[in-house]
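Beneath this line is the structure, given in C-alpha coordinates, with notes to follow.
In this text, all values refer to a predicted model and were calculated from it rather than measured experimentally.
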Amino acid sequence: MIRNKIIQCEYKEGDLITENSVAEDLDMSRTPVKKAFVRLKMENYLKSFDGVGTIVKGLSIKELSDMYEARILIETYAMKTSINEVNKDTLLNIRNKFTNNLSKYGAGDKKALKNFAVVDKEFHNIILDKSQNEYLKKCLSKSTLKSKGTDMRLI
(Lines give C-alpha, C1' and ligand atoms only; values in the text may rest on other atoms or scores of the structure.)
Protein backbone atom coordinates (compact mmCIF):
# COMPACT_ATOMS: atom_id res chain seq x y z
CA MET A 1 0.00 0.00 0.00
CA ILE A 2 2.77 2.43 0.91
CA ARG A 3 4.78 1.44 -2.15
CA ASN A 4 1.73 2.09 -4.34
CA LYS A 5 1.31 5.53 -2.82
CA ILE A 6 4.94 6.27 -3.66
CA ILE A 7 4.54 4.93 -7.19
CA GLN A 8 1.35 6.92 -7.75
CA CYS A 9 3.06 10.03 -6.38
CA GLU A 10 0.73 10.39 -3.43
CA TYR A 11 3.98 10.40 -1.46
CA LYS A 12 6.35 12.39 -3.65
CA GLU A 13 10.12 12.42 -3.89
CA GLY A 14 11.50 14.42 -0.99
CA ASP A 15 8.36 14.10 1.15
CA LEU A 16 9.05 13.60 4.83
CA ILE A 17 6.84 10.78 6.10
CA THR A 18 6.52 9.21 9.52
CA GLU A 19 5.31 5.80 10.62
CA ASN A 20 2.57 7.50 12.63
CA SER A 21 1.32 9.67 9.78
CA VAL A 22 1.32 6.77 7.31
CA ALA A 23 -0.41 4.47 9.81
CA GLU A 24 -3.07 7.11 10.32
CA ASP A 25 -3.38 7.67 6.55
CA LEU A 26 -3.83 3.94 5.95
CA ASP A 27 -6.00 3.43 9.04
CA MET A 28 -3.79 0.73 10.52
CA SER A 29 -1.48 0.20 13.46
CA ARG A 30 2.12 1.34 13.40
CA THR A 31 3.61 -2.19 13.54
CA PRO A 32 2.93 -3.18 9.89
CA VAL A 33 3.94 0.30 8.76
CA LYS A 34 7.24 0.00 10.63
CA LYS A 35 7.90 -3.35 8.91
CA ALA A 36 6.98 -1.85 5.54
CA PHE A 37 9.36 1.08 6.12
CA VAL A 38 12.22 -1.38 6.75
CA ARG A 39 11.46 -3.21 3.50
CA LEU A 40 10.98 -0.02 1.50
CA LYS A 41 14.33 1.27 2.75
CA MET A 42 15.97 -1.96 1.57
CA GLU A 43 14.21 -1.57 -1.80
CA ASN A 44 15.50 2.00 -2.04
CA TYR A 45 12.12 3.76 -1.91
CA LEU A 46 12.78 5.44 1.45
CA LYS A 47 15.81 6.83 3.26
CA SER A 48 16.05 7.64 6.95
CA PHE A 49 18.09 10.50 8.31
CA ASP A 50 18.93 10.76 11.99
CA GLY A 51 17.25 13.74 13.55
CA VAL A 52 15.18 14.38 10.42
CA GLY A 53 13.01 11.36 9.69
CA THR A 54 12.18 9.26 6.66
CA ILE A 55 12.17 10.75 3.17
CA VAL A 56 10.72 9.36 -0.04
CA LYS A 57 13.59 8.76 -2.48
CA GLY A 58 13.64 9.45 -6.17
CA LEU A 59 15.23 7.27 -8.80
CA SER A 60 18.40 8.04 -10.69
CA ILE A 61 18.53 7.85 -14.48
CA LYS A 62 20.68 4.70 -14.11
CA GLU A 63 18.12 3.03 -11.83
CA LEU A 64 15.29 3.87 -14.24
CA SER A 65 17.33 2.61 -17.19
CA ASP A 66 18.12 -0.65 -15.41
CA MET A 67 14.47 -1.13 -14.51
CA TYR A 68 13.29 -0.49 -18.06
CA GLU A 69 15.82 -2.98 -19.35
CA ALA A 70 14.81 -5.66 -16.85
CA ARG A 71 11.13 -5.08 -17.50
CA ILE A 72 11.59 -5.37 -21.27
CA LEU A 73 13.51 -8.64 -20.94
CA ILE A 74 11.09 -10.21 -18.49
CA GLU A 75 7.88 -9.08 -20.13
CA THR A 76 9.06 -10.05 -23.61
CA TYR A 77 9.62 -13.57 -22.36
CA ALA A 78 6.33 -13.58 -20.45
CA MET A 79 4.52 -12.35 -23.56
CA LYS A 80 5.98 -15.16 -25.67
CA THR A 81 4.70 -17.77 -23.24
CA SER A 82 1.31 -16.18 -22.61
CA ILE A 83 0.23 -14.93 -26.03
CA ASN A 84 -1.94 -17.96 -26.82
CA GLU A 85 -3.47 -18.03 -23.35
CA VAL A 86 -4.99 -14.54 -23.24
CA ASN A 87 -8.46 -14.48 -24.74
CA LYS A 88 -9.61 -11.84 -27.18
CA ASP A 89 -12.32 -10.45 -24.87
CA THR A 90 -9.75 -9.77 -22.15
CA LEU A 91 -7.56 -7.82 -24.58
CA LEU A 92 -10.55 -5.89 -25.94
CA ASN A 93 -11.59 -5.00 -22.39
CA ILE A 94 -8.12 -3.62 -21.63
CA ARG A 95 -8.08 -1.73 -24.93
CA ASN A 96 -11.48 -0.18 -24.13
CA LYS A 97 -10.23 0.92 -20.72
CA PHE A 98 -7.19 2.58 -22.29
CA THR A 99 -9.33 4.26 -24.95
CA ASN A 100 -11.83 5.54 -22.36
CA ASN A 101 -9.02 6.91 -20.21
CA LEU A 102 -7.45 8.57 -23.23
CA SER A 103 -10.74 10.30 -24.03
CA LYS A 104 -11.19 11.42 -20.43
CA TYR A 105 -7.63 12.71 -20.23
CA GLY A 106 -8.09 14.56 -23.52
CA ALA A 107 -11.18 16.17 -22.03
CA GLY A 108 -9.13 17.45 -19.10
CA ASP A 109 -9.85 14.76 -16.49
CA LYS A 110 -6.60 14.58 -14.50
CA LYS A 111 -7.77 11.44 -12.65
CA ALA A 112 -7.50 9.59 -15.94
CA LEU A 113 -3.71 9.69 -15.62
CA LYS A 114 -3.89 7.61 -12.42
CA ASN A 115 -6.32 5.28 -14.13
CA PHE A 116 -3.78 4.71 -16.92
CA ALA A 117 -1.41 3.32 -14.30
CA VAL A 118 -4.11 1.00 -12.97
CA VAL A 119 -5.01 -0.30 -16.44
CA ASP A 120 -1.35 -0.64 -17.39
CA LYS A 121 -0.72 -2.70 -14.27
CA GLU A 122 -3.76 -4.85 -15.06
CA PHE A 123 -2.42 -5.47 -18.59
CA HIS A 124 1.05 -6.45 -17.38
CA ASN A 125 -0.41 -8.69 -14.68
CA ILE A 126 -2.50 -10.51 -17.30
CA ILE A 127 0.65 -11.19 -19.30
CA LEU A 128 2.43 -12.51 -16.23
CA ASP A 129 -0.55 -14.51 -14.98
CA LYS A 130 -0.96 -16.25 -18.33
CA SER A 131 2.76 -16.97 -18.66
CA GLN A 132 3.58 -20.66 -18.93
CA ASN A 133 6.63 -20.32 -16.71
CA GLU A 134 5.58 -21.06 -13.13
CA TYR A 135 9.04 -20.24 -11.78
CA LEU A 136 8.95 -16.81 -13.41
CA LYS A 137 5.53 -16.10 -11.89
CA LYS A 138 6.70 -17.25 -8.47
CA CYS A 139 9.89 -15.17 -8.60
CA LEU A 140 8.16 -12.04 -9.84
CA SER A 141 5.38 -12.27 -7.28
CA LYS A 142 8.03 -12.18 -4.52
CA SER A 143 10.66 -9.93 -6.02
CA THR A 144 11.19 -6.32 -6.94
CA LEU A 145 10.67 -7.00 -10.62
CA LYS A 146 6.88 -7.05 -10.84
CA SER A 147 5.35 -4.30 -12.92
CA LYS A 148 4.19 -1.22 -11.06
CA GLY A 149 2.48 0.61 -13.83
CA THR A 150 3.09 3.38 -16.31
CA ASP A 151 5.95 4.94 -14.42
CA MET A 152 7.89 1.77 -15.30
CA ARG A 153 9.24 1.29 -11.81
CA LEU A 154 9.44 -2.32 -10.74
CA ILE A 155 8.31 -3.82 -7.45
Side-chain angles (χ1 to χ4, degrees), residues 1-83 85-86 90 94 97-98 101-102 104-105 109-155:
M1 295 169 110
I2 300 167
R3 183 185 298 118
N4 288 341
K5 287 186 173 280
I6 294 170
I7 293 161
Q8 296 172 354
C9 296
E10 290 179 45
Y11 299 143
K12 295 175 180 57
E13 178 181 353
D15 281 356
L16 181 65
I17 59 176
T18 66
E19 293 169 8
N20 288 333
S21 66
V22 172
E24 185 178 315
D25 183 37
L26 298 175
D27 194 29
M28 61 174 51
S29 72
R30 221 179 105 225
T31 302
V33 172
K34 184 177 181 98
K35 289 179 182 178
F37 269 41
V38 169
R39 182 171 178 186
L40 291 168
K41 288 173 195 172
M42 290 185 336
E43 293 176 359
N44 221 18
Y45 287 91
L46 300 176
K47 179 147 178 91
S48 290
F49 295 94
D50 290 336
V52 177
T54 303
I55 295 178
V56 177
K57 286 187 65 179
L59 289 174
S60 71
I61 297 297
K62 172 72 171 129
E63 288 170 314
L64 285 172
S65 176
D66 289 350
M67 288 181 207
Y68 273 114
E69 185 177 312
R71 183 173 175 175
I72 289 167
L73 291 169
I74 291 164
E75 290 188 358
T76 299
Y77 178 78
M79 181 65 81
K80 287 178 183 177
T81 63
S82 67
I83 194 69
E85 303 299 319
V86 180
T90 300
I94 292 289
K97 288 179 181 181
F98 270 117
N101 275 324
L102 187 59
K104 288 178 182 177
Y105 187 72
D109 183 353
K110 300 301 178 195
K111 281 186 173 181
L113 192 56
K114 251 188 203 177
N115 292 338
F116 273 118
V118 171
V119 175
D120 183 68
K121 182 176 181 177
E122 182 181 347
F123 172 70
H124 292 282
N125 284 339
I126 288 168
I127 293 169
L128 181 60
D129 291 341
K130 296 296 183 178
S131 170
Q132 299 300 303
N133 188 318
E134 294 301 318
Y135 183 77
L136 178 67
K137 288 192 273 190
K138 183 179 174 183
C139 288
L140 291 178
S141 69
K142 294 180 180 179
S143 77
T144 60
L145 296 176
K146 194 172 179 186
S147 170
K148 285 185 171 180
T150 56
D151 64 15
M152 300 294 190
R153 282 198 59 174
L154 307 173
I155 295 178

Separation of I127 CD1 from T76 OG1 (nearest 0.5 Å): 9.0 Å
Closest approach of N20 to R30 (non-hydrogen atoms, all atoms of both residues): OD1-CD, 2.6 Å
Is it the case that more than 12 heavy atoms not belonging to K104 sit under 6.0 Å from its NZ atom? no
Using every non-hydrogen atom in the two residues, find where S82 and S131 come nearest and quote the distance to one decimal. CB-N, 3.5 Å
CG of N101 to NZ of K97: how many Å apart, nearest 0.5 Å? 9.5 Å
Going by heavy atoms in the side chains, are F123 and V119 under 4.5 Å from each other? no
For a 4.5 angstrom cut-off between non-hydrogen side-chain atoms, does I17 reach L46? yes
Restricting to non-hydrogen atoms, name the atom on S29 and the atom on A23 that form the minimum distance, rounded to 0.1 Å. O-CB, 3.8 Å
Interatomic spacing from OH in Y68 to CG in L73 - rounded to 0.5 Å: 14.5 Å
Which atom names give the shortest non-hydrogen contact between E85 and T81, and what distance separates them? CG-O, 4.3 Å
Counting only heavy atoms not in M1, do more than 12 fall under 6.0 Å of its CE? no
Any sub-3.5 Å donor-acceptor pair from T18's side-chain atoms to S21's backbone N or O? yes
Within a reach of under 6.0 Å around NZ of K35, are more than 12 heavy atoms found that belong to other residues, nucleotides or ligands? no
Nearest 0.5 Å please: distance from the CD atom of E69 over to the CD1 atom of I74. 10.5 Å
If you round to the nearest 0.5 Å, how far is NZ of K111 from OH of Y105? 15.5 Å
F49 six-ring face occupied by K47 cation (under 6.0 Å, within 45°): yes
Given the options V86, N125, T90, K130 meets side chain to side chain contact (heavy atoms under 4.5 Å, CB included) only with V86
Going by heavy atoms in the side chains, are R3 and L40 under 4.5 Å from each other? yes
So which atom in K57 and which in E13 form the shortest heavy-atom distance, rounded to 0.1 Å? C-CG, 4.1 Å
Residues L136 and N133: closest non-hydrogen pair is N-OD1, 2.8 Å
CD of E24: more than 12 outside heavy atoms within 6.0 angstrom? no
Heavy-atom distance under 4.5 Å between the side chains of L26 and K5, does that happen here? yes
Would you check if there is a donor-acceptor pair between the side chains of S48 and T54 at a distance under 3.5 Å? yes
